[in-house]
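Structure record follows, encoded as structure tokens.
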Amino acid sequence: MNSHSDEEITSAPKGNFIHKEIDKDLEAGKNGGAVLTRFPPEPNGYLHIGHAKSICLNFGLAQTYKGACNLRFDDTNPSKEEVEYVDSIMEDIRWLGFEWNGEPHYASDYFDQLFEWAVKLIKAGKAYVDDQSAEVIASQKGTPTQPGTESPFRNRSVEENLDLFNRMKNGEFKEGEKVLRAKIDMASSNMHLRDPLMYRIMHKAHHRTGDKWCIYPMYDFAHGQSDFLEGITHSICTLEFEVHRPLYNWFLDQVIEGEPTPERRPRQIEFARLNLNYTVMSKRRLLELVQKQIVEGWDDPRMPTISGLRRRGYTAESIRLFAERVGVAKRDNIIDVALLEHCLREDLNKKSPRVNAVLDPVKLILTNYPQDQVEWMEAENNPEDEQQGSRTIPFSGELYIERNDFMEEPPKKFFRLGPGREVRLKNGYIIQCQDFKKDANGEVEVIYCTYDPETRSGMPQSNRKVKGTLHWVSASQSVPAEVRLYDRLFMDEDPSGHPDKDFKEFLNPDSLKILTNCRVEPSLKEAATLDHFQFQRLGYFCVDKNSTPEKLVFNRTVSLKDTWARLSK
RNA sequence: UGUCCCGUGGUGUAAUGGUAACACACCUGGUUUUGGUCCAGGCGUUUAAGGUUCGAGUCCUUACGGGACAACCA
């Protein structure tokens with residue numbers, strides 16, 4: 001009878017503190033029960049994993065409350081912003097699996113309205129034009145512990161302010177000559193309330209409004225009002241804007257004053273931004289990596305950008321899962337990148353086919369295998385998912401195995417090949433090492449083994465227990481490939497914790513290793529760009545965007561959890 | 001020295017004032033034709049001290065610790 005409310009109770013999401021705040025607002029009947037969030041990037045760089053957290057939060061909130069989420073470009077500073085960034089941001093959001101509400105919005109859409117509101121503040125005696133230089137204004141601001149002093153221009157008449165502001169707009173002044181400030185309280189304990197700047201002069205073309213404007217609003221004068229104009233109900237941002245909230249509300253109060261009570265009034269809620277160990281997240285630093293060509297570009301697979309992660313082989317699902325697992329709170333946090341990697345493995349484990357590849361090949365000859373014989377062995381594509389079926393792979397008397405799968409003098413816990421030892425070749429036969437040959441440098445050149453014909457995979461005798469199982473490819477049927485092993489870019493756990501130092505000190509010299517002699521099974525010839533695979537026992541790989549049918553290139557997305565690596569440590 | 005925010009295992013996130021839970025990491029063991037996956041178990045009594053209460057991670061006070069704020073950036 002009352003199944004509706006039962007359902008609501010049982011299906012109620014756990015929810016973070018933001019859900020609770022929204023629930024409170026809803027219960028109080030605010031905003032007519034609407035929930036409209038927004039994701040407001042400044043188009044001055046590419047989106048990174050930290051933005052992904054914010055995107056998942058804002059769009060996720062919209063989904064759970066059956067509301068919507070706007071995309072708004074916070075483009076109030078033409079000196080930093082470019083169309084390239086606008087495009088990449090939209091692509092990345094879509095790739096993550098989200099669709100914004102209607103058309104994208106731009107703070108620059110509201111320049112006319114903001115100008116009018118500025119005039120309104122001037123007329124109300126709440127804003128004034130200041131002729132002083134940036135340095136003088138800064139020195140009058142005081143410090144967090146000492147009050148500021150008032151500008152000598154603070155008490156200009158409304159008429160003079162109006163005239164000056166219009167002339168600012170009309171381009172009569174040079175950059176830095178004048179600014180418009182809000183008249184609040186130079187003694188406030190909150191620095192942001194000490195007559196903050198509303199407009200500055202910039203004789204720069206804007207990527208959308210062109211040369212129409214030469215004065216541009218500051219973030220504080222644009223953001224809250226943009227939220228208000230769009231009908232945003234919950235304006236979710238990161239912790240550093242906490243001290244801006246009184247100003248956010250102050251501007252809204254001024255703008256609304258004298259108007260009928262608005263249907264919706266936006267409310268700013270702050271949460272702690274994402275930090276990942278071994279990872280630099282600041283846009284300034286990432287831009288530096290790109291400009292100094294320490295990385296190939298914004299989508300370099302070592303970058304924490306969404307496009308970099310994508311090229312590295314991260315799936316959108318894994319990033320959404322990660323965003324869910326890191327949670328949302330107000331505590332400063334440093335998430336272990338191992339969690340990100342875990343989320344990826346969890347997703348890739350169930351969807352990526354297992355294939356054979358040998359990264360560092362050494363030849364293995366089966367001395368008792370019929371010459372020129374080729375057998376096609378059946379191999380499951382994914383033991384985690386029968387639906388993915390199976391394929392056949394060529395087996396012959398001349399194979400390649402991984403160089404480090406053979407040891408001349410194996411230590412105790414080494415389960416793989418050594419003189420006299422037996423191992424299974426995955427999907428093949430059990431073999432025994434009889435002999436090996438070294439080259440002039442003392443490197444193992446060829447390993448000679450015998451195979452046991454009764455132990456072919458699937459045969460009755462094949463159940464015999466052996467300690468190890470190796471992956472392999474047939475020497476003549478396998479195809480050459482280049483494999484790029486990416487590691488973390490920084491060695492320091494907290495590279496952003498040393499703001500004064502040149503971060504080059506913390507770069508990991510092994511962040512990229514290019515292996516050119518790899519061999520992969522023939523089925524990979526037809527691999528499509530960005531498809532991901534689990535290379536048996538080696539990790540998850542994807543085809544790099546620069547790969548061609550003539551030259552296969554793979555990126556290592558993430559390694560398998562490697563117990564042997566830990567044992568040998 | 002001011003204002004604001006935050007203190008729960010190694011790392012994160014939970015817990016109508018009522019037995020501290022989940023995930024990652026780590027450690028043990030089991031299954032396995034991947035040293036993967038999967039399964040089972042182990043690892044904290046909530047920064048400290050007071051107070052309110054039958055009962056406090058949760059409320060109050062103080063201390064201590066961490067963070068933010070002094071761009072014509074967002």
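Lettering of chains follows the sequences in order, A, B, ..., and the numbering in each one begins at 1.
- In the set B:rC24, B:rA14, B:rU33, the nucleotide with an atom closest to the side chain of A:A338 is B:rC24.
- By the side-chain contact (heavy atoms from CB on, under 4.5 Å) test, A:I334 pairs with A:N275, A:N277, sequence neighbours left out.
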What string of B, S and - do you get for nucleotides 35-45 of chain B, 5' to 3', when a contact is any protein heavy atom under 4.0 Å? BBB--------
Would you mind building the protein contact string for nucleotides 67-74 of chain B? One character per nucleotide, 5' to 3', B for base within reach (heavy atoms under 4.0 Å), S for sugar-phosphate only, - for untouched. SSSB-BBB
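- A ring-centre distance under 6.0 Å is found for A:F241 and A:Y219.
- Under the ring-ring contact (aromatic ring centres under 6.0 Å, His included) criterion, the residue pairs touching residues 175-194 of chain A are A:H192-A:H244, with sequence neighbours excluded.
- Remark: A:D405 engages A:R416, A:R537 in a side-chain hydrogen bond (donor to acceptor under 3.5 Å, both in side chains) (not counting sequence neighbours).
- Under the ring pair (Phe, Tyr, Trp, His ring centres under 6.0 Å) criterion, A:H471 pairs with no residue, sequence neighbours left out.
- For A:F554, the ring pair (Phe, Tyr, Trp, His ring centres under 6.0 Å) partners two or more places apart in sequence, or in a different chain, are A:F535.
- Partners of A:F173 according to the ring pair (Phe, Tyr, Trp, His ring centres under 6.0 Å) rule, which considers only residues two or more places apart in sequence or in another chain, do not exist here.
- Among the atoms of the strands shown, base atoms are found under 4.0 Å from some heavy atom of A:K426.
- Not a single salt bridge (Lys or Arg N to Asp or Glu O under 4.0 Å) links A:E378 to another residue, sequence neighbours left out.
- Put simply, A:H471 has no side-chain N or O that comes within less than 4.0 Å of OP1 or OP2 on B:rU34.
- The aromatic rings of A:W213 and A:F115 sit tilted relative to each other, their planes meeting at an angle between 30° and 60°.
- The ring pair (Phe, Tyr, Trp, His ring centres under 6.0 Å) check on A:Y106 picks up A:F73, with sequence neighbours excluded.
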Return one dot-bracket line describing RNA chain B 5' to 3' (Watson-Crick or G-U wobble pairs, both distances under 3.5 Å; ( ) same strand, [ ] crossing, | another strand, . none). .((((((..((((....[..)))).(((((.......)))))....(((((..]....))))))))))).....
All N/O pairs under 3.5 Å across the protein-nucleotides 56-60 of chain B interface:
none

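- Shown here for A:Y199 and A:A118, the closest heavy-atom pair between the two residues is CE1-CB, 3.8 Å.
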